[in-house]
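Step one of this worksheet: look at the structure below.
When reading the values below, keep in mind they use all heavy atoms of this one structure, side chains included, and skip hydrogens, waters and symmetry mates.
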Amino acid sequence: MSTSGKFRAAAVAALSVTALALAPGAASGAAGCGALFDDFHYGSHTDGLLAQHGWQVRSGAGGPGVGGARWAPEGITFPTSDGDKVLQLASTTDGTPAGTTQTEIMQPDRRFFEGTYAARIRFSDAPASGPDGDRINQTFFTISPLRYANDPIYSELDFSEYLPNGGWGEAGPVNFQTSWHTYTPDPWYAENKSDSQRRSIDGWHSVVATVSDGHVRYYIDGALVADHDRSGPFDVYPRQNMSLNVNQWFIDLTQHSGGTSTYLEQVDWVYYAKNEVLTPQAAADRAASYRSSGVRFTDDLGGC
């Protein structure tokens, strides 16, 4: 929060020079462009601090996901896990569009571009209640609007799209990292680069991406899993500022087996360093330093 600026300054000053080690082959970028950090200490989806801190909880209908499903603000809660509050997204289905709710929370102001993105996320292989098997997508990503089909400046970076029960022709579990050039919604046509890990990532994981010097590098638990650059037929390096988003939605309902199922995705914290490339460990160290200093939220991205 704005009143915690002095704590942020102390936290950053406490970091050693070695903690700011660069990702292999990447440049540091411009310095002093600010950061966003949130530890998700909120009361509910109606907490006024959410809007003050730039967050918007989605409601209403519309894609992605199941046509006729509802985006449910009440599915966004902030329970305590391992002694600390977390962001929780609960999405439910009874196998019908009318009985399906999906969840999304976002920083809708498009001010996210180059730099380092990091989050600690808990993915779920099985529902918290009800039968398993639904094709659910648990995500962390940035995106710009698609103004029209094949928009040449459309930009989207999917840091993690986890499909525990598969989907899109995959059996699952599978986790995708995808960098987009553009797409056409109908008939479907996509231009992107994508990598995946065909294994379970149930539980807590570090998800990090760096965007710099024509490369988008993706890391899971500190390991480089994808490096997307400008080469090839599609330049997937982002071309404009984007919003920052977390959501959980159903690809389809064809695998539902009865009753009502509730799936959970949790986020412990999120961090973005504008125009600064950090290793995954350095990004985690920044988050830990904020927390140890008592900083639950800070945002000074307006610097440059």
Would you please say whether a donor-acceptor pair under 3.5 Å links the side chains of [X] and [Y]?
X    : Y    : answer
T262 : T92  : no
H53  : Y42  : yes
N245 : S243 : yes
W55  : D38  : yes
N192 : H228 : no
T46  : S44  : yes
Q177 : D195 : no
Y218 : N175 : no
T260 : D94  : no
S231 : D229 : yes
Q240 : R110 : yes
D221 : S206 : no
D134 : N165 : no
Y263 : E265 : no
S91  : Q248 : yes

To the nearest 0.5 Å, what is the distance between [atom1] on [X] and [atom2] on [Y]?
X    : Y    : atom1 : atom2 : value
L253 : Q255 : CG    : CD    : 10.0 Å
I201 : I220 : CD1   : CD1   : 5.5 Å
W168 : D252 : CH2   : CG    : 10.5 Å
R120 : Q266 : CZ    : CD    : 10.0 Å

I'd like to know if the side chain of [X] reaches the main chain of [Y], judged simply by a donor and an acceptor atom lying under 3.5 Å from each other, with no hydrogens or angles considered.
X    : Y    : result
R239 : P152 : yes
S289 : D285 : no
Y271 : A35  : no
S124 : P127 : no
K274 : F113 : no
T182 : D151 : yes
D109 : R111 : no
D213 : H215 : no

Problem - Y183/W188 aromatic ring centres below 6.0 Å - result: yes

Completion exercise
The side-chain contact (heavy atoms from CB on, under 4.5 Å) partner of Y162 among D125, V174, I121 is D125

May I ask you to test the [X]-[Y] pair for a side-chain heavy-atom distance under 4.5 Å?
X    : Y    : value
V236 : V216 : no
F123 : V207 : yes
M106 : L244 : no
L50  : F78  : yes
W180 : F234 : no
F176 : E170 : yes
I143 : S155 : no
I76  : L89  : yes

Practice task
Flag the pair R286 and E276 as a salt bridge only when some basic side-chain nitrogen lies within less than 4.0 angstrom of an acidic carboxylate oxygen.
Solution key: yes

Handout entry: R58 NZ/CZ over W71 ring centroid, <6.0 Å and within 45° of normal
Key = yes

Problem - Single-linkage hydrophobic cluster, 4.5 Å side-chain cutoff, L87 and L36 together - result: yes

Fill in the blank from the handout: Partner of Y272 under ring-ring contact (aromatic ring centres under 6.0 Å, His included), picked from F140, Y117, F37, F159, is Y117

Problem - Test salt bridge (charged side-chain N to carboxylate O under 4.0 Å, His left out) applied to D268 and K85, R291, R122, the passing residue - result: R291

Completion exercise
Minimal heavy-atom distance between D227 and R217, with the atoms involved, is OD2-NE, 3.5 Å

